[in-house]
Amino acid sequence: MVTCLRDGTVALQAFANPPIPDLVLLDWNLPGVCGAEILRRLRRNDATRNIPVVMLTCHAERANHDHAMALGASEFFGKQVALSTLMTCVLALAAAVVPPPAQQHHEI
């Protein structure tokens with residue numbers, strides 16, 4: 001199942017309730033709460049700590065890449081990434097996902 005959330009605040013609310021996603025494609029520049037803050041909160045929470053997160057941004061400068069990776073991004077791409085490259089990354093990350101035990105409500 002794919003869910004598209006266009007606001008960072010809404011995304012955080014969604015991640016706090018089951019089902020917790022198997023993988024997240026996360027835009028750096030979301031309204032509400034930015035992608036970097038969402039990533040930081042996902043990594044802080046036991047229920048979401050190991051979800052693969054692919055950061056996407058139109059600001060693909062090295063500093064943003066380094067910041068995203070330091071926060072725990074699984075991968076980082078500028079929005080000019082080739083669809084085939086993004087799909088290869090997503091498929092590889094999804095194949096490596098081990099489902100967590102029974103999912104419960106967790107504050108993010």
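Side-chain atoms are counted along with the backbone in the values below, which use heavy atoms only and exclude waters and symmetry mates. Residues: numbered from 1 along the sequence shown. What you are looking at is a predicted structure, and each value in this text was computed from that prediction instead of being measured.
Counting heavy atoms from C-beta on, the side chains of Cys34 and Asn29 never come closer than 4.5 Å. For the pair Lys79/Thr57, no side-chain contact is recorded, criterion being any heavy-atom separation below 4.5 Å from C-beta on. Here the side chains of Thr85 and Phe77 are in contact, with some heavy-atom distance below 4.5 Å. Between Leu93 and Asp22 the shortest side-chain heavy-atom distance does not fall below 4.5 Å. Counting only heavy atoms from C-beta outward, the side chains of Val24 and Pro52 never approach each other to under 4.5 Å. Within the 4.5 Å cutoff, no side-chain heavy atoms of Thr3 are placed close to those of Pro21. Counting only heavy atoms from C-beta outward, the side chains of Glu61 and Asn64 approach each other to under 4.5 Å. Looking at heavy atoms from C-beta onward, Phe76 lies out of side-chain contact with Val54 at the 4.5 angstrom threshold.
Checking side-chain atoms of Arg40 against main-chain N and O of Leu71 turns up no donor-acceptor pair under 3.5 Å. Side chain of Asn17 to backbone of Gln13: a donor-acceptor contact under 3.5 angstrom is found. Asp27 places no side-chain N or O within 3.5 Å of a backbone atom of Leu30 that could act as its donor or acceptor partner. In this structure, Thr88 contributes its side chain and Ser84 its backbone to a donor-acceptor pair below 3.5 Å.
Considering CG of Leu39 and CE of Met69, their distance stands at 9.5 Å, rounded to 0.5 Å. Interatomic distance, CG of Asn50 versus CD1 of Ile20, reported as 11.0 Å (0.5 Å rounding). Met55 contributes atom CE, which lies 8.5 Å from atom CD1 of Ile38 (distance to the nearest 0.5 angstrom). Between the CD atom of Glu75 and the CG atom of Leu25 there is a distance of 11.5 Å, given to the nearest 0.5 Å.
Side-chain heavy atoms closer than 4.5 Å link hydrophobic residues (I, L, V, M, F, W, Y) into clusters, and following such links, even through other members, never connects Leu42 to Leu23. Put simply, Val33 and Ile51 are part of the same group of oily side chains (I, L, V, M, F, W, Y) that touch within less than 4.5 Å, one to the next.
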Show the numbers, then the answer: is there a side-chain contact (heavy atoms from CB on, under 4.5 Å) between Arg6 and Val10?
-> CA-CA 8 Å; Arg6 299 177 188 271; Val10 173; over 6 Å; no
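Closest of all the heavy-atom pairs between Arg49 and Arg44 is NH2-O, 3.1 Å. Considering all non-hydrogen atoms of both residues, Gly78 and Ala60 come closest at CA-CB, 3.6 Å.
The six-membered or imidazole ring of Trp28 lies away from that of His65, with a centre-to-centre distance of 6.0 Å or more.
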